[in-house]
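The next block holds one structure in the form of structure tokens; read it before the comments.
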Number of protein chains: 2
Amino acid sequence: MARRRTPAPVFAALGDEHRLRLLARLSSGPLSISRLTAGSGMSRQGVTKHLRVLEGAGLVRGTRKGKESLWYLERRRLEEARRSLDLISQQWDQALGKLKRFVEG
Amino acid sequence: MARRRTPAPVFAALGDEHRLRLLARLSSGPLSISRLTAGSGMSRQGVTKHLRVLEGAGLVRGTRKGKESLWYLERRRLEEARRSLDLISQQWDQALGKLKRFVEG
DNA sequence: CTAATAGGCAACCAGAAGGTTGCCTACATA
DNA sequence: TATGTAGGCAACCTTCTGGTTGCCTATTAG
């Protein structure tokens, strides 16, 4: 039975403003690193590092195209993360239900 | 116009295995710190620190009850986070739609 | 061929995270 | 009242993060 991978790394990757903004920018299409760097208020290497974090979490994927490297969104992991949150949320609802029933006797 | 708070801190708080497990344990009812510590493979202070992180993100709330401090789940923020993910996911769908239309000309 | 552009790699650095331990206070109870 | 239990606070340590810079390679354009 394949133990489910924990969603923690994906959440960790999402837990940074810069990275959220990168993802937002990528959501209107693939972009190169220098494109992403422009207006990011950060050095190219800084952007690269964040992209690698996102890549490590499986949220984006980069391919070299000529002299530039293009970065795409990767959907699967985000879906997984979303499902995880839904699940957690569901558990919490149940918990609150139990508590409420208990309190109201 | 109240600018929306970024979901990054909540995601960051969720981005740790220990904290996810704490939340899971709390989802079956409020627990004290020593209860949470037992079987956590961590010192009491370690647990406390994680709880404070979760509290900082608004995901839990603790109140002192006699000699122990009880910790409860706080739903609002998780809902917000869930909505954020849904939103992002939606944006991505649109992006993929655009890309597809473009490719298929 | 040369110059300019895009990017990789490695070193470095400051500060934050994650964890521990030691010691003190507060409550509950024999 | 004396003792055990729950927890707070602060110091400390090590590792990870987020960012920089310098320099090298590869591709493209003149």
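In what follows, every chain begins at residue 1, and chains take the letters A, B, ... in the order their sequences are listed. Computation of the quantities below employed the complete heavy-atom set of this structure, encompassing side-chain atoms and omitting hydrogens, waters and symmetry-equivalent molecules.
- Residues passing the side-chain contact (heavy atoms from CB on, under 4.5 Å) test with A:S69, sequence neighbours excluded: A:I33, A:R64, A:W71.
- Contact record, B:P7 with A:L20: CG-CD1, 4.0 Å, taken as the closest heavy-atom pair.
- Note on residues 15-69 of chain A: pairs passing ring pair (Phe, Tyr, Trp, His ring centres under 6.0 Å), not counting sequence neighbours, are A:H18-A:H50.
- Considering only residues two or more places apart in sequence or on other chains, B:S34 meets the side-chain contact (heavy atoms from CB on, under 4.5 Å) condition with B:S32.
- Atoms OG and CE, on B:S40 and B:M42 in that order, are 4.0 Å from each other to the nearest 0.5 Å.
- The side-chain hydrogen bond (donor to acceptor under 3.5 Å, both in side chains) search around B:R82 returns A:D86, not counting sequence neighbours.
- In the hydrophobic cluster analysis, where Ile, Leu, Val, Met, Phe, Trp and Tyr join through side-chain heavy atoms closer than 4.5 angstrom, B:F11 is grouped together with A:I88.
- Atom-to-atom, CD1 of A:I33 to C1' of C:dG8 comes out at 9 Å; the value is rounded to the nearest Å.
- One interatomic measurement links the two molecules: CD of B:E17 to P of C:dG18, which rounds to 12 Å at whole-angstrom precision.
- Atom pair B:W71:CH2 and D:dG8:C1' shows a separation of 11 Å (rounding to whole Å applied).
- Atom NE2 in B:H18 sits about 5 Å away from atom P in C:dG19, given to the nearest Å.
- B:H50 has no side-chain polar atom (N or O) that falls below the 4.0 Å cut-off from OP1 or OP2 of C:dA17.
- Interatomic distance, CG of B:L85 versus CG of A:L14, reported as 6.5 Å (0.5 Å rounding).
- The two atoms that bring A:W92 and B:S27 nearest to each other are CD1-CB, 4.0 Å, heavy atoms only.
- Phosphate contact (OP1/OP2 of C:dG7, side-chain N/O of A:T48, threshold under 4.0 Å): absent.
- Per the geometry, CG belonging to B:D16 stands 18 Å off P belonging to D:dT15, to the nearest Å.
- Remark on the helix from C:dC1-D:dG30 to C:dA30-D:dT1: inter-end axis angle 20°, axes from five-pair C1' superpositions, rounded to 10°.
- Listed candidates were C:dG18, C:dG7, D:dG18. Nearest to the side chain of B:R19 is C:dG18.
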Checklist line | Per-nucleotide protein contact string for nucleotides 21-30 of chain C (B base, S sugar-phosphate only, - none; heavy atom under 4.0 Å) | finding: B-----SS--
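- Within a heavy-atom distance below 4.0 Å of DNA chain D, no residue of residues 51-62 of chain A is found.
- Among residue pairs with one or both ends in residues 45-60 of chain A, those qualifying as salt bridge (Lys or Arg N to Asp or Glu O under 4.0 Å) are A:R52-A:E55; sequence neighbours excluded.
- Checked against side-chain hydrogen bond (donor to acceptor under 3.5 Å, both in side chains), A:R61 has the following partners two or more places apart in sequence or in another chain: A:E74.
- Salt-bridge formation is detected for the pair B:E80/B:R77: a Lys NZ or Arg NE/NH1/NH2 atom is positioned less than 4.0 Å from an Asp or Glu carboxylate oxygen.
- Proximity of residues 35-42 of chain A to DNA chain D (heavy atom under 4.0 angstrom from any strand atom) is restricted to A:M42.
- Residues meeting the side-chain contact (heavy atoms from CB on, under 4.5 Å) test with A:A12, sequence neighbours left out: none.
- When the P atom of D:dT14 is taken as reference, atom NZ of B:K49 falls 14 Å away, rounded to whole Å.
- For residues 16-43 of chain B, there are no salt bridge (Lys or Arg N to Asp or Glu O under 4.0 Å) pairs, not counting sequence neighbours.
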